[in-house]
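Everything below concerns the one structure shown next.
The figures that follow rest on heavy atoms only: side chains count, while hydrogens, waters and symmetry mates do not. What you are looking at is a predicted structure, and each value in this text was computed from that prediction instead of being measured.
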Amino acid sequence: MKTRMMKRIPALLLTLVLLAVSLPTRAESRGSTKLNTYYSLALGYLRKEDYGQAMEYLEAALSLCTEETDADMYADLHLKKGCIFTIRKEYEEAVKELDETIRVRPDLPEAYLVKVQVYSETNNLAETIV
């Protein structure tokens with residue numbers, strides 16, 4: 001039987017990933033300034049737990065960011081989308097975003113942690129072994 005604290009651990013983990021893994025913004029050109037603005041706005045909405053607005057700004061940021069232009073930012077944006085989908089219990093979409101994060105940044109442990117969380121919540125722990 002889970003205690004209240006054990007039930008809160010997944011939410012705390014997701015919050016930690018959403019807020020603690022933030023990239024420093026770099027304003028180098030007009031496009032990157034807009035990207036940084038969208039990223040900052042997304043983080044602000046994440047702090048307020050307004051996931052709908054945060055998702056809109058993450059998607060806007062992804063429309064300006066590619067793996068080729070900034071792999072770290074690209075991976076972070078997908079990681080944050082994966083976390084939001086996990087919070088919303090949209091697990092299939094979460095796994096897609098997390099897989100993209102891992103493809104680009106296989107060294108990012110937060111993506112694996114959230115993915116294990118998804119598999120735990122869907123009682124599909126066999127997938128965590130892969």
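Between the OG1 atom of Thr122 and the CD atom of Gln117 there is a distance of 9.5 Å, given to the nearest 0.5 Å. Atom NZ of residue Lys34 and atom SG of residue Cys65 lie 14.5 Å apart, to the nearest 0.5 angstrom. Taking CG from Asp70 and CG from Leu64, the interatomic distance works out to 12.0 Å, rounded to the nearest 0.5 Å. Put simply, CG on Leu43 and NZ on Lys48 are 12.0 Å apart, with the number rounded to the nearest 0.5 Å. A distance of 14.0 Å separates NZ in Lys96 from OG1 in Thr101, rounded to the nearest 0.5 Å. To the nearest 0.5 Å, atoms CE (Met73) and CG (Leu62) are separated by 9.5 Å.
The shortest non-hydrogen separation linking Ala61 to Leu35 is O-CD1, 3.3 Å. Shortest non-hydrogen contact noted between Ala71 and Val104 is O-CG1, 3.7 Å. Considering every non-hydrogen atom in both Pro106 and Tyr112, the closest pair reads O-OH, 2.9 Å. Residues Leu98 and Ala111 approach most closely at CD2-O, 4.1 Å, considering heavy atoms.
Residue His78 forms a side chain to side chain donor-acceptor pair (under 3.5 Å) with just one option from Glu97, Arg103, Arg105, and that option is Glu97.
Of the possible polar contacts, one joining the Thr86 side chain to the Gly82 backbone as a donor-acceptor pair under 3.5 Å is found. Tyr51 places no side-chain N or O within 3.5 Å of a backbone atom of Phe85 that could act as its donor or acceptor partner. Between the side chain of Thr37 and the backbone N or O of Thr33 there is at least one donor-acceptor pair closer than 3.5 Å. Side-chain atoms of Asn36 come within 3.5 Å of backbone atoms of Ser32 as a donor-acceptor pair (strictly under, hydrogens ignored).
The closest side-chain heavy-atom distance from Ile84 to Leu58 is below 4.5 Å. Counting heavy atoms from C-beta outward, Lys115 and Asp99 have side chains that approach closer than 4.5 Å.
Annotation: side-chain hydrogen bond (donor to acceptor under 3.5 Å, both in side chains) contacts of Arg88 (sequence neighbours excluded): none. Listed by chain and number, the residues in a side chain to side chain contact (heavy atoms under 4.5 Å, CB included) with Gln53 are Tyr45, Asp50, Glu56, Tyr57 (sequence neighbours excluded). With sequence neighbours excluded, no residue satisfies side chain to side chain contact (heavy atoms under 4.5 Å, CB included) with Ser63.
By the 4.0 Å N-to-carboxylate-O rule, Lys81 lies too far from Glu100 to be salt-bridged with it. Electrostatic pairing of Lys80 and Asp76 counts as a salt bridge here, judged by a charged N lying under 4.0 Å from a carboxylate O.
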